[in-house]
Amino acid sequence: MSKNQSAPEILISLKPYLVRYRKKLILGLLFVFLTNLFNVTGPILVAGAVDSLKLNPTSGALLGYGLVILFVAAGRGIFLYLVRQTIIVVSREAEFDIRNDLYQHLQTLSASFYKSHNTGDLLAKNTNDINAVRSFLGPGIMYSANTLVSFFFIIPVMLWINWKLTLLVLVPLPVMSYLVFRMGKLIHQVYSDIQGHYSVLTTRVQENLSGIRIVKSFVRESAEIRRFTELNGIYQDKNLKLAWYQSFFYASMTLLIGLSVVLVVWAGGALVISGALTIGQMTQFVMYIGMLIWPMVALGWVMNIIQQAAASQKRLNQLTDETPEISDSSATDHQLTGISGKLEFKSVSYTYPDGRKALENINFSVDPGEILAITGHTGSGKSTLAGLIVRLFDPTSGVILLDGRDLKSYPLKVLRSKTGYVPQESFLFSDTIGNNIAFGVESAGDQDVLEASETALIRENIEGFPNRFETVVGERGITLSGGQKQRTSIARALMKNPDILILDDSLSAVDTQTEDAILTRLREKLAGKTVILISHRISAIKSADQIVVLSHGQVAEIGKHSELVDHGGLYSALYVRQLLEEELKAIS
Ligand code: ADP
Ligand code: MG
């Protein structure tokens, strides 16, 4: 996407949405046309009525005029309603589609995209941008069409009655459009500024209240109050500035409108005296001026809407142009619908986009039915290795084979639905605990949820909660302990009945006894499946079929527990230290 696209060019990307709702849109434009047809006839009738007073005043004729005027006004009202029911509705429908499309796109983007983008920011921006685009699609289109059509109807009639007077009284109107355009821009800027500052203010308050214990223990209350007062003062100043702009704007608008009317009365009055204009026609002029004011105001306003929508659409385009780093490609073999779980790493290296080398020349192989443990110090590359297996990212060099085929040849959906991955940081949605566990499967039976939570040894805890499996967790519900969260995450992964289960330090927050019990159950449940067990606790991994010891991104040692202990390297050092720690804990 080039940087120098003009506003209309950027808005072209909205074409698909307009095309989708073209019928309703065209109908809307037709209604705009009809509204204005009624609009222009009203003053003609009024002029006729006024002039009839002078020629042959009969109350019957007046009543006739009155009825027709009433009919015209009603027609205008009905079509105005229909204009909104079509064009504004289209903009809401398009907004719905745009938001869905964007969300769908966001779901495809890779984990690395979200590492480099702040999600809260992303959401706030999207909401604002989509609103701006919707304003363009709805009010933007509706008012531009209306301005155009009303000029098309009203100006010729005015010119036909008296072209000199028309030119004279129209002079203030473009000035008004320009004023709306400039002031609208200013007001918009001040307004965004206020919103930006308001979020600074609320973030400050929120952090302060969440961290109230820190604030109190460091006796910072009065300092914090001072800072808040300062920020609050800035907020007030900005709002006052906005109020000033708005008052100036409304005052000058009123002045310009008044000026137009004065012009008609002054110049038109002279024409009436000289007999070049009837009183009815002058009345008609005053009414037309009144009808042209709003379209002129709308013109200036729409120009702003267009500029804002273009800026917003550009940002949205940048987002939709973002391609997912990891996706199915020509290398994908869609015949592959299942896996058995034999994993091989062949000279696998991985370097993060920021240049940090996390894994180097990793080689190992694990068969279905085996437990492969991975251990090593923090930062040795364990989590990176786990991420490679579920393709959160792909190896920088080397290849990972699954059942003898490149991991990249499996459709992502197949790979991920057959793999149960419990990341190091357990994440639960603000939903019921039952829904959290059933998250990975379309139609989960209650029995499956019970079984999975039984295996992960969390069932008893859940049944002790006030609403059992219906208990809401997270911000709006109860807070789970670290260990409970981990076990819930494990239950969630088990629900998929995975062929490969990856536990990334997923039992670090439970005590060793519970850990033992869970692992024993997992071993039974997952007989014949592949288990990758990452842990820095030797007690958890010593019975694994193979243990890979990572150090600075490389395989330092590989083998069974007894072999590694005999080997007397890094693993045995870790083991001895943990044994000592346990003994110390036992006697203290
Ligand atoms: P472990 O799980 O063994 O603690 P990790 O796989 O998380 O280790 O990290 C391995 C190395 O990669 C560390 O040096 C870490 O700082 C680095 N690393 C981890 N995640 C990222 C990332 N998203 N971007 C850059 N470097 C990372
Ligand atoms: Mg880790």
Side-chain angles (χ1 to χ4, degrees), residues 106 109-122 322 324-326 343 345 347-364 366 371-398 400 407 419-428 482-483 485-490 492-493 500-510 515 518-519 531-542 544 546-559 564 569-571 573-575 577-578:
L106 286 177
L109 294 180
S110 316
S112 60
F113 172 83
Y114 292 100
K115 275 254 160 68
S116 55
H117 289 78
N118 177 325
T119 34
D121 233 31
L122 213 59
E322 190 89 34
E325 219 171 290
I326 309 258
L343 264 178
F345 272 56
S347 317
V348 172
S349 299
Y350 183 74
T351 305
Y352 277 102
D354 65 1
R356 187 180 279 268
K357 218 171 191 161
L359 288 175
E360 212 182 334
N361 193 29
I362 305 291
N363 287 288
F364 67 81
V366 52
I371 296 182
L372 175 90
I374 299 171
T375 191
H377 291 296
T378 308
S380 57
K382 304 183 296 292
S383 296
T384 308
L385 197 155
L388 285 171
I389 299 174
V390 283
R391 288 194 70 199
L392 290 184
F393 22 82
D394 285 331
T396 326
S397 69
I400 302 172
L407 203 58
T419 325
Y421 168 51
V422 186
Q424 187 162 13
E425 286 90 24
S426 13
F427 179 84
L428 299 181
K485 270 194 209 160
Q486 288 188 333
R487 280 176 283 153
T488 308
S489 307
I490 293 176
R492 173 165 65 198
I500 300 177
L501 179 70
I502 305 166
L503 300 179
D504 187 355
D505 234 343
S506 312
L507 290 165
S508 57
V510 297
E515 179 178 63
I518 296 175
L519 288 174
V531 178
I532 309 284
L533 179 62
I534 298 175
S535 176
H536 57 270
R537 253 195 228 158
I538 306 278
S539 61
I541 61 174
K542 63 182 180 199
Q546 269 189 94
I547 300 167
V548 173
V549 186
L550 287 182
S551 173
H552 301 292
Q554 294 182 311
V555 177
E557 297 165 58
I558 187 164
L564 292 175
L570 182 59
Y571 184 85
L574 282 173
Y575 182 50
R577 202 176 69 200
Q578 288 186 16

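Atoms within each ligand, like the ligands themselves, are counted from 1 in listed order.
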Minimum heavy-atom separation for L407 to I389, with atom names?
CD2-O, 3.6 Å
The Mg ion (ligand 2) contact by S383, N, O or S atom under 2.8 Å:
yes
Do me a favour and list the nearest non-hydrogen protein atom to atom 13 (C) of ligand 1 with residue, atom name and distance?
G379 O, 3.7 Å
Distance from atom 7 (O) of ligand 1 to nearest protein heavy atom, with residue and atom
S383 CB, 3.6 Å
So if I apply the side chain to side chain donor-acceptor pair (under 3.5 Å) rule between D504 and each of S535, S383, S426, S489, which one comes out positive?
S383
Looking at A358, which atoms of ligand 1 are within less than 4.0 Å of one of its heavy atoms?
11 (C), 12 (O)
Side chain R492, main chain T488, donor-acceptor under 3.5 Å
no
For K357 and ligand 1, answer yes if some heavy atom of the residue is under 4.0 Å from a ligand atom, otherwise no.
no
The Mg ion (ligand 2) to nearest N/O/S of T378 below 2.8 Å:
no
Taking all non-hydrogen atoms of both residues, which atom of E360 and which atom of S349 are closest, and how far apart?
CA-OG, 3.6 Å
Quick test: of every protein heavy atom, which one is nearest to atom 14 (O) of ligand 1, and how far off is it to 0.1 Å?
R356 NH1, 3.2 Å
Looking only at protein heavy atoms, what sits closest to atom 9 (O) of ligand 1 is T384 OG1, 3.8 Å
What's the shortest heavy-atom distance between L372 and V366, and which atoms?
CB-CG2, 3.9 Å
Protein contact of atom 26 (N) of ligand 1 - nearest heavy atom, named by residue and atom, plus distance:
Y352 CD1, 3.3 Å
Side chain K382, main chain I374, donor-acceptor under 3.5 Å
no
For ligand 1, which atoms sit closer than 4.0 Å to a heavy atom of D354?
24 (N), 25 (C), 26 (N)
contact_flag G381 ligand 1 heavy-atom lt 4.0 Å:
yes
Find all atoms of ligand 1 within a distance of less than 4.0 Å from any non-hydrogen atom belonging to T378, and give their numbers and elements.
4 (O)
Sub-4.0 Å atoms of ligand 1 with respect to non-hydrogen atoms of H377
3 (O)
Between L550, T375, L570, which is the residue that forms a side chain to side chain contact (heavy atoms under 4.5 Å, CB included) with E557?
L570
Smallest heavy-atom separation, V348 atom then P395 atom, equals CG1-CB, 3.9 Å
Could you check whether Q486 and S508, counting side-chain N and O atoms only, form a donor-acceptor pair closer than 3.5 Å?
yes
